[in-house]
Amino acid sequence: FKLEKDRELAKEFVEKRYEIFTRVEHYEFHKIDEAIEFLKQNEDKLFIVKGFHPDAPTIVPISNEPKENHLELIFDLKENQKIYESMGFILEEKIVDLLEFTPEAIIYNKKVLGFNVDIELKPIGPANTGYQTGCSADCVMWLDLSSILYDLFIKPAEDYAFRKNQLVIWDASVLYSPSKNAFYFGEFCSARWGFNAIFTELSTLPSVGYYFEKIIREEPIFSPDVKPIGTSVRLFSLRSKKEEEWKPIPIFADINDKNVWLWDVQKKNEMLITADYDMNIAVLTNSGYDWKESFKELFSQLKNKIKFAEMYYRSLADILDDSYTNNLTKRIEFVKILNKIE
């Protein structure tokens, strides 16, 4: 958790252990005005912002034109000034052609019981536009421990992550730049499951119980009973966020379907309604042997499984679109090539 909370500590950890990562320029600030002045002095460079507070949003401006990039950053910094200044934040160099993926190991009692790679679409809008969510859609692929991804991105932290009688979820997001032919470190999300990732992982298994029984028995999670690929899409409610207008709405969902994971929902008088905490309502998952076919099957059944007012999700056409930077197709193909998967 320290490595997720303290970004400077995480960078020190990475520099000591991960030879594969190239260092990215970054600058720490505690006041918004100082960061704005810095941007004025570096008017030809692109940046992103990351906050040290757990609730501080990571802002990756859409524009790759410096002036617009800076305007986006300044707007978001001011909008979230209190939370950024509470614990500080960094401006980090933006590399425009990054392909992001997150290798994850599930470790219990010093044994790796599962290894996969999670590839997420984070922004809420089509073609990765709009603000970032925790995850708007993703694809998880189970991998063998002999994978080069394990050697590159998990092995350097084994002595730190392997703990007697403890369950550890270890991951580090990885970013690759084709133009620079270099790997960069993103961030740690260790000691917790990723969302949508945990639901996407579970969808590949016979049951939720199967997952935890395998862990308790210290047996490999991936087996012939497990499908190699999971896919998911998150469902949002885009109603007004004005408190006086925010009222529970009914949710019609097939709660017996193992691929329906309700999020901000409660049961009241035999009816499912929103619990009024946030815009996330549910995650829908599917699994199979081909990621595109899995997504197609997921979307073919979506509206039969769940409905609610002002439901929003990224479309199938958008998820399969390979024309924009950091799309799923490019990233999945890169991981396959790196891992020598057919």
Side-chain angles (χ1 to χ4, degrees), residues 1-15 18 21-43 45-64 66-96 98 100-102 118 120-125 128-136 138 169-175 184-197 234 236 241 277-280 326:
F1 174 71
K2 288 180 180 178
L3 295 178
E4 181 174 4
K5 183 178 179 181
D6 189 335
R7 293 184 184 275
E8 285 303 312
L9 182 64
K11 291 181 184 297
E12 291 172 12
F13 182 90
V14 166
E15 287 174 6
Y18 289 83
F21 289 128
T22 298
R23 185 179 175 86
V24 182
E25 282 188 53
H26 67 281
Y27 307 88
E28 184 173 342
F29 301 91
H30 291 275
K31 295 293 182 183
I32 301 295
D33 290 344
E34 295 171 357
I36 293 173
E37 185 59 34
F38 174 84
L39 290 171
K40 289 178 182 177
Q41 296 171 8
N42 292 270
E43 59 183 16
K45 293 184 177 180
L46 301 171
F47 295 97
I48 67 174
V49 65
K50 296 178 179 179
F52 295 127
H53 191 286
D55 294 329
T58 295
I59 305 299
V60 182
I62 299 167
S63 176
N64 292 324
K67 185 176 180 179
E68 293 180 4
N69 171 276
H70 293 188
L71 287 173
E72 286 185 58
L73 288 176
I74 292 169
F75 175 82
D76 286 310
L77 285 169
K78 288 182 175 179
E79 281 284 295
N80 299 280
Q81 183 167 354
K82 187 175 181 180
I83 197 167
Y84 281 123
E85 291 188 344
S86 66
M87 296 179 68
F89 58 97
I90 61 174
L91 290 177
E92 186 174 282
E93 176 190 3
K94 180 185 179 184
I95 301 168
V96 299
L98 290 177
E100 182 178 9
F101 56 95
T102 304
D118 178 37
E120 299 178 328
L121 293 174
K122 291 182 179 179
I124 196 166
N128 281 350
T129 56
Y131 56 84
Q132 290 209 51
T133 67
C135 178
S136 57
D138 82 330
I169 308 300
W170 184 264
D171 67 22
S173 60
V174 178
L175 305 108
Y184 299 90
F185 168 70
E187 61 186 356
F188 287 113
C189 295
S190 311
R192 65 174 175 85
W193 286 276
F195 302 102
N196 305 353
R234 191 179 301 193
F236 304 95
K241 290 186 178 180
Y277 284 104
D278 59 36
M279 64 186 292
N280 300 285
N326 207 27

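Position 1 is the first residue of the sequence, and the numbers go up from there. In this text, all values refer to a predicted model and were calculated from it rather than measured experimentally. What's counted below: heavy atoms across the whole structure, side chains too, no hydrogens, waters or symmetry copies.
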Give me the atom names and distance for the closest heavy-atom approach of [X] to [Y].
X	Y	answer
K50	E92	NZ-OE2, 3.3 Å
K122	T133	O-OG1, 2.6 Å
D138	A197	OD2-CA, 3.6 Å
T129	I62	CA-CD1, 3.9 Å
I90	E28	CG2-CA, 3.9 Å
C135	F236	O-CZ, 4.1 Å

With a 4.5 Å heavy-atom cut-off, do [X] and [Y] have their side chains touching?
X	Y	answer
Q132	I124	no
N280	F195	no
R192	E4	yes
P57	Y84	yes
F21	V174	yes
F29	E85	no
F89	N80	no
T102	E120	no

Report summary line: Sorted by chain and residue number, the salt bridge (Lys or Arg N to Asp or Glu O under 4.0 Å) partners of E187 (sequence neighbours excluded) come out as R7
Requested in this report: Return the set of residues passing salt bridge (Lys or Arg N to Asp or Glu O under 4.0 Å) with K45 (not counting sequence neighbours), or none when no residue passes.
Outcome: E25
Query raised in the report: With the threshold set at 4.0 Å, does a side-chain nitrogen-carboxylate oxygen contact exist between K67 and E72?
Result: no
Requested in this report: Ignoring hydrogens and angles, tell me if any N or O in the side chain of N69 forms a donor-acceptor pair with the backbone of F47 under 3.5 Å.
Outcome: yes
Query raised in the report: Under 3.5 Å, is there a donor-acceptor pair between the E8 and H26 side chains?
Result: yes
What distance separates [X] [atom1] from [Y] [atom2], expressed to the nearest 0.5 Å?
X	Y	atom1	atom2	answer
L77	I83	CG	CD1	12.0 Å
T22	Y184	OG1	OH	5.0 Å
K11	D6	NZ	CG	11.0 Å
I36	Q41	CD1	CD	12.5 Å
S136	N196	OG	CG	8.0 Å
E37	I32	CD	CD1	14.0 Å

Requested in this report: Kindly assign one of parallel, tilted or perpendicular to the pair F38 and Y27, based on the angle between their ring planes and the thresholds 30° and 60°.
Outcome: tilted
Query raised in the report: Is the Y18 ring parallel, tilted or perpendicular to the F13 ring (thresholds 30°, 60°)?
Result: tilted
**Report entry** Residues I48, L91; criterion side-chain contact (heavy atoms from CB on, under 4.5 Å); working and verdict
**Finding:** CA-CA 6 Å; I48 67 174; L91 290 177; over 6 Å; no
Query raised in the report: Step by step, would you call L73 with I59 a side-chain contact (heavy atoms from CB on, under 4.5 Å)?
Result: CA-CA 7 Å; L73 288 176; I59 305 299; 4.1 Å; yes
Query - side-chain contact (heavy atoms from CB on, under 4.5 Å) evaluation trace for N326 with N128 - result: CA-CA 8 Å; N326 207 27; N128 281 350; 4.1 Å; yes
Requested in this report: For I95 and E93, run side-chain contact (heavy atoms from CB on, under 4.5 Å): C-alpha distance rounded to whole Å, both residues' side-chain angles, the deciding distance at 0.1 Å, then the answer.
Outcome: CA-CA 6 Å; I95 301 168; E93 176 190 3; 4.2 Å; yes
